[in-house]
Amino acid sequence: GVGGCLRLGVLWVLVWCVAHFALWFVWKCGRVPVWPRDGRERYRMRLCRSQVYCSCAILAGVRLLLVCRWEPEDLLYRFSAEHQVFFTMAAAHWLVCIWEDSACIEFLCAGMDVHLALEPSEAAMRQAFFRKYVIHHVVAALAFAAVVALRACTGLAAFGLVFELPVLLMNHREFAIC
């Protein structure tokens with residue numbers, strides 16, 4: 001029911017928040033503070049957690065598509081506990097991204113030239129990027145939540161999970177830039 005979905009969503013938000021702090025600390029073998037003050041380290045924490053989410057999302061999406069019979073009925077309406085777990089995982093990820101991005105706004109432009117942007121200054125460009133990221137993240141979270149609530153369009157959401165594949169490569173570029 002709805003209560004179970006909400007509890008699962010809250011659980012995923014907590015998992016991703018703990019992962020935000022723990023994964024970078026583990027990745028760096030404890031040589032970094034758990035709560036860094038440096039924006040660059042916070043951005044790297046965001047990228048690290050994103051790598052884990054993207055890997056999980058890709059595997060989840062492939063799993064869901066492999067059990068699908070590739071019939072329109074399955075791609076539209078096949079819904080199981082796995083779908084609920086994976087799609088609430090995705091919705092929670094996008095909500096946590098808003099919090100993570102708010103802590104490292106200065107790095108969201110990832111090396112873009114302010115002269116190529118339509119914004120009058122670098123600070124305005126950062127804020128514009130952040131606003132666009134927030135819109136993206138809210139829409140993505142709502143889309144996954146809608147699929148869970150409606151138990152429909154599950155094939156589209158599964159493809160959305162697989163679509164995280166390019167982000168794995170883009171995150172490597174981000175690590176190199178920052």
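The chain is numbered in sequence order, starting from 1. Reckoned from all heavy atoms, side chains included, excluding hydrogens, waters and symmetry mates.
Contact detail for His20 and Arg49: the closest heavy-atom pair is N-CD, 3.8 Å. Cys68 approaches Leu75 most closely through the heavy-atom pair SG-CD2, 3.6 Å. The two atoms that bring Glu164 and Cys54 nearest to each other are OE1-SG, 3.5 Å, heavy atoms only. When all heavy atoms are compared, the tightest approach of Gln84 to Cys5 is NE2-SG, 3.4 Å. What you find for Val147 and Ala152 is that their closest heavy atoms are CG1-O, 3.4 Å. Taking both residues in full, the closest heavy atoms of Ala124 and Ser121 are given as N-OG, 3.1 Å, listed atom of the first, atom of the second, then distance.
Residues Tyr133 and Leu108 have side chains in contact (heavy-atom distance under 4.5 Å, counting atoms from C-beta outward). Counting heavy atoms from C-beta outward, Phe87 and Thr154 have side chains that approach closer than 4.5 Å. Proximity of Asp101 to Val134: side-chain heavy atoms (C-beta onward) are nowhere separated by under 4.5 Å. Side-chain contact check for Val96 versus Val13: some heavy-atom pair is nearer than 4.5 Å.
Both Phe79 and Phe144 are members of a single hydrophobic cluster when ILVMFWY side chains are connected at heavy-atom separations under 4.5 Å. Note: the hydrophobic cluster containing Leu6 does not contain Leu14 (ILVMFWY, side chain heavy atoms under 4.5 Å, direct or indirect links). Residue Val52 is grouped with residue Phe86 when hydrophobic side chains (ILVMFWY) are merged at heavy-atom distances under 4.5 angstrom, including chains of intermediate members. The hydrophobic cluster containing Leu23 also contains Val15, counting ILVMFWY residues as joined when their side-chain heavy atoms lie under 4.5 angstrom apart, directly or transitively. Under the 4.5 Å side-chain heavy-atom criterion for grouping Ile, Leu, Val, Met, Phe, Trp and Tyr, Leu169 is not connected to Leu47 through any hydrophobic cluster.
The distance from atom CZ of Arg7 to atom OG1 of Thr88, rounded to the nearest 0.5 Å, is 12.5 Å. Between atom CG of residue Leu150 and atom CG of residue Leu76 there is a gap of 12.0 Å, rounded to the nearest 0.5 Å. Interatomic distance, Arg126 CZ to Cys109 SG, rounded to the nearest 0.5 Å: 7.0 Å. Going from atom SG of Cys17 over to atom CG of Leu95 covers 9.5 Å, rounded to the nearest 0.5 Å. Note that CH2 of Trp27 is 12.5 Å distant from CE of Met45, once rounded to the nearest 0.5 Å. Once rounded to the nearest 0.5 Å, the distance linking CE of Met170 with CG of Leu165 reads 10.5 Å.
Ion pairing of Glu73 with Arg78 is absent here, as no side-chain N (NZ or NE/NH1/NH2) approaches a carboxylate O to less than 4.0 Å. Salt bridge Glu82/Arg63: present, at least one basic N to carboxylate O contact under 4.0 Å.
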With side chain to side chain contact (heavy atoms under 4.5 Å, CB included) as the criterion, how do Tyr53 and Leu161 come out once you've worked through the C-alpha distance, each side chain's angles and the decisive distance to 0.1 Å?
CA-CA 10 Å; Tyr53 165 74; Leu161 294 174; 3.8 Å; yes
Run the side chain to side chain contact (heavy atoms under 4.5 Å, CB included) test on Leu168 and Ile58 for me, step by step, so that the C-alpha distance in whole Å, both residues' side-chain angles and the decisive distance to 0.1 Å come before the verdict.
CA-CA 10 Å; Leu168 284 172; Ile58 293 163; 3.4 Å; yes
Can you check side chain to side chain contact (heavy atoms under 4.5 Å, CB included) on Trp70 and Asp74, steps first, answer last?
CA-CA 6 Å; Trp70 291 96; Asp74 280 1; over 6 Å; no
Chi angles and distances behind the ring pair (Phe, Tyr, Trp, His ring centres under 6.0 Å) call for Phe21, Trp99:
CA-CA 13 Å; Phe21 294 103; Trp99 166 66; 5.8 Å; yes
Under the side chain to side chain contact (heavy atoms under 4.5 Å, CB included) criterion, do Val138 and Trp94 qualify, and how do the steps go?
CA-CA 7 Å; Val138 167; Trp94 291 114; over 6 Å; no
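Remark: the Glu100 side chain and the Trp16 side chain contain no N/O donor-acceptor pair separated by less than 3.5 Å. Tyr43 and Glu174 form a side-chain donor-acceptor contact under 3.5 Å, judged by distance and modelled atom types alone.
Side chain of Trp12 to main chain of Val85: a donor-acceptor pair is present (N/O by atom type, distance under 3.5 Å, no hydrogens or angles). Side-chain N or O atoms of Ser50 include none that pairs as donor or acceptor with a backbone N or O of Arg46 at under 3.5 Å. One N or O on the side chain of His83 and one on the backbone of Ser80 form a donor-acceptor pair closer than 3.5 Å. In this structure a side-chain-to-backbone donor-acceptor pair under 3.5 Å is present from Arg42 to Ala103.
Counted within 6.0 Å of CZ on Phe163, heavy atoms from surrounding residues, nucleotides or ligands total 12 or fewer; the atom is thus considered open.
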